[in-house]
Structures are given as structure tokens and as C-alpha cells.
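Heads up, the thing below is written out as C-alpha cells.
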Amino acid sequence: MGKTRAKARKEGTALLALYRRLLRTYGPQGWWPLLALHGRGTNPTKTGSIRGYHPGDYSYPKTERQRFEVCAGAILTQNTAWPNVERALVRLERSRLIDPKKIMRVEEARLRRLIRPAGYFNQKARKLKAFARFYLSLKGKVPSREQLLGVWGVGPETADSILLYAYGEPEFVADAYTKMVLSGMWLVAADASYEEVKRFCVARLPRDVQVYQELHALLVEHAKRLKEHKRSSRRPPIPPPHEKGSLRKE
DNA sequence: AACCAGGACGTGA
DNA sequence: TCACGTCATGGT
């Protein structure tokens with residue numbers, strides 16, 4: 001079933017229109033949050049955890065240490081709320097362990113204990129070890145997406161997060177929140193795959209790191225607010241039919 | 001007190 | 001390829 005030109009054009013601009021509206025409404029989000037920025041500036045997000053954001057400043061990471069911190073955070077935040085990740089990062093930093101060489105050297109049992117608040121600590125300790133080895137093997141070079149996906153514990157979203165926020169490479173992060181918002185607007189199917197959602201966005205956005213970073217962060221903020229709104233408002237006594245099935249692709 | 005969070009992996013159809 | 005179970009802590 002072919003789309004009409006009008007519909008195709010509308011869908012082509014809907015994402016950019018959404019971006020502008022979210023940016024005007026919420027302002028720049030200042031992702032990716034960094035430990036070193038704790039205590040400085042203010043956090044513009046209401047649902048965001050604490051500090052560490054740097055709204056409007058896209059010049060991070062500024063150091064190799066911050067680059068690795070973003071990578072570690074990307075792994076630690078897998079299916080985990082950011083405040084828990086932050087605790088884990090603070091504990092790592094207290095032991096001066098946000099450093100690939102030290103991650104390599106540290107005993108895995110100790111690593112597990114330190115990152116405990118982030119959950120899945122057995123898997124994530126192993127993932128950090130595997131990533132530290134890979135990171136050092138790069139010798140400062142920018143990894144390809146394929147290389148990243150070859151590392152145990154790095155999947156599509158983590159790879160894109162690392163490329164976009166740690167290396168400033170134009171890879172859009174199409175996470176669960178992105179799909180939630182876009183499928184809610186009928187722009188993508190509810191059962192679309194990660195790569196499908198990513199392709200949809202990339203095809204309709206300028207290939208611009210700042211736009212990718214900001215839109216992703218804005219979509220997360222927006223999705224959190226939508227959920228918050230849903231939670232506080234009463235549910236209909238009778239669940240609507242085909243809650244999932246109505247969003248199938250045609 | 002279930003339910004969920006900024007996923008990825010291993011397994012069996 | 002794809003659905004499903006698993007991994008684990010902390011907030012609501």
C-alpha cells in the first residue's frame with residue numbers, strides 16, 4: 001500500500017517539527033552527563049537524575065578520561081535507571097577506576113562489588129573488562145560500529161551511544177523511548193526493530209552530531225514525561241481493545 | 001508490592 | 001530471524 005505524496009511529505013517533516021517543538025519546550029538537555037560536572041551548573045531536566053549535564057555545550061568529552069567514562073556509563077546504563085548508574089560511577093571514581101588499564105588490572109570480584117548499584121553486576125563487570133581490553137586495543141583510534149558490535153556486551157544501542165556521545169560520530173541512538181514516542185505518533189510501527197527506527201530517523205534528519213545528541217536526549221525527556229503523565233492520570237476501567245495489535249504495520 | 005529502568009546474550013524454534 | 005528467559009539493584 002503506497003503512501004500518498006502528501007502523507008510522505010508530512011512524515012518527512014514531522015520528525016524535524018517534533019525536534020524543534022521539544023527543543024523549544026524543554027530546552028537543550030546537555031547529554032551525556034559527566035561526573036566531573038557534579039556541582040556545577042544546573043540540571044534543566046525535571047525527570048533527570050542529578051547533576052552532570054551540560055546544556056548547550058556539545059564540546060564533551062574534553063578528555064580521554066571523560067571519553068572512557070561515557071563508554072563505561074553506556075554499558076552500565078543498559079536496562080538500568082541513570083541514578084543507579086551514577087552511584088556505580090561515583091564508586092568507581094573513588095577508587096580511581098574509570099580508566100581502561102585499571103579496569104583491566106582490578107580483580108573482577110572487586111569490580112562487581114563497586115558497580116553493584118547499577119544492577120546486573122556479574123554481567124556488567126565482565127562487560128567492562130571486555131570493553132577496557134577493546135578500548136586499549138584501539139590505541140586512540142575511533143572504533144567502527146562493527147568493531148564495537150563485536151565486543152561482548154556491546155549491542156546496537158550501546159554502540160551508537162558510544163559513537164555519538166563518546167566519539168562525536170553521527171550515529172543516531174534509537175532507544176526504547178524513541179520507539180515509544182515515534183510509534184505513539186504513528187511514525188513507525190510499534191513492532192519496528194531497532195535498525196528500522198534508526199533508519200527512519202536518519203533518513204529525515206540532517207547528518208549532524210548536535211542534532212542527533214539533542215534529539216535523542218529530548219526524546220528521552222519527553223517519553224519520561226509522557227509516562228509520568230499516564231501514571232498520574234486514571235486508567236479507563238475497561239482496557240481499550242488491541243492495545244498492541246492496533247499498531248501493526250499495514 | 002508488583003512493576004519498571006537510557007539492553008544484550010544464549011537458546012530453541 | 002525471532003521470540004523468550006535471564007540477568008539484579010533501587011525507586012515508585
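Labels below follow one simple rule: chain letters A, B, ... track the order of the sequence lines, proteins then strands, and each chain is numbered from 1.
Remark: the separation of the P atoms in C:dG10 and B:dA8 is 22 Å, to the nearest Å. Taking the C1' atoms as reference points, B:dG6 lies 22 Å from C:dC4, given to the whole Å. Separating the C1' atom of C:dC7 from that of B:dC4 is a span of 15 Å, rounded to the nearest Å.
In this structure, A:Leu149 atom CG and B:dC9 atom C1' are separated by 13 Å, rounded to whole Å. We find that CD of A:Glu86 is positioned 14 Å from C1' of C:dG10, with the value rounded to whole Å. For the pair A:Leu89 CG and C:dT9 C1', the interatomic distance rounds to 15 Å; values are reported in whole Å. Rounded to an integer number of Å, the gap from CG of A:Asn84 to C1' of C:dG11 is 8 Å. Rounded to whole Å, the distance from OH on A:Tyr177 to P on B:dG6 is 3 Å. One atom, CG of A:Asn79, and another, C1' of B:dC3, lie 12 Å apart when rounded to the nearest Å. A straight line from CG of A:Asp175 to P of B:dG7 spans 6 Å, rounded to a whole angstrom. The distance from atom NE2 of A:His216 to atom C1' of B:dG6 is 6 Å, rounded to the nearest whole Å.
Remark: the A:Tyr26 side chain and the A:His222 side chain contain an N/O donor-acceptor pair separated by less than 3.5 Å. A donor and an acceptor atom, one from each side chain of A:Glu214 and A:Tyr58, are located under 3.5 Å apart. Residues A:Tyr165 and A:His216 bring a donor and an acceptor atom of their side chains to less than 3.5 Å of each other.
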Show which side-chain atoms of residues 101-123 of chain A pair as donor or acceptor with protein atoms under 3.5 Å away, not counting sequence neighbours.
unit_1	atom_1	unit_2	atom_2	d
A:Arg112	NE	A:Asn122	OD1	3.2
A:Tyr120	OH	A:Asn79	ND2	2.9

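Close to C:dG11, at under 4.0 Å from its OP1 or OP2, lies a side-chain N or O of A:Arg87.
Residues from residues 152-162 of chain A with heavy atoms under 4.0 angstrom of DNA chain B, sorted by number: A:Trp152, A:Gly153, A:Val154, A:Gly155, A:Pro156, A:Glu157, A:Thr158. Looking at residues 108-137 of chain A, you'll see A:Arg116, A:Pro117, A:Gly119, A:Tyr120, A:Phe121, A:Asn122, A:Gln123 sit with a heavy atom under 4.0 Å from some atom of DNA chain C.
When the side-chain hydrogen bond (donor to acceptor under 3.5 Å, both in side chains) test is applied to A:Glu157, no partner is found at least two apart in sequence or on another chain. Evaluation of the side-chain hydrogen bond (donor to acceptor under 3.5 Å, both in side chains) rule for A:Lys127 yields A:Gln78 as partners, not counting sequence neighbours. Legend: residues meeting ring pair (Phe, Tyr, Trp, His ring centres under 6.0 Å) with A:Phe172, ordered by chain and number and at least two apart, are A:Tyr212.
Candidate nucleotides C:dA8, B:dA8, B:dG6 were compared by shortest atom distance to the side chain of A:Lys224, and B:dG6 ranks first.
At a threshold of 4.5 Å between non-hydrogen side-chain atoms, the residues A:Lys124 and A:Thr80 count as touching.
Both tests hold for A:Arg204 against A:Phe200: distance to the six-membered ring centre under 6.0 Å, angle to the ring axis within 45°.
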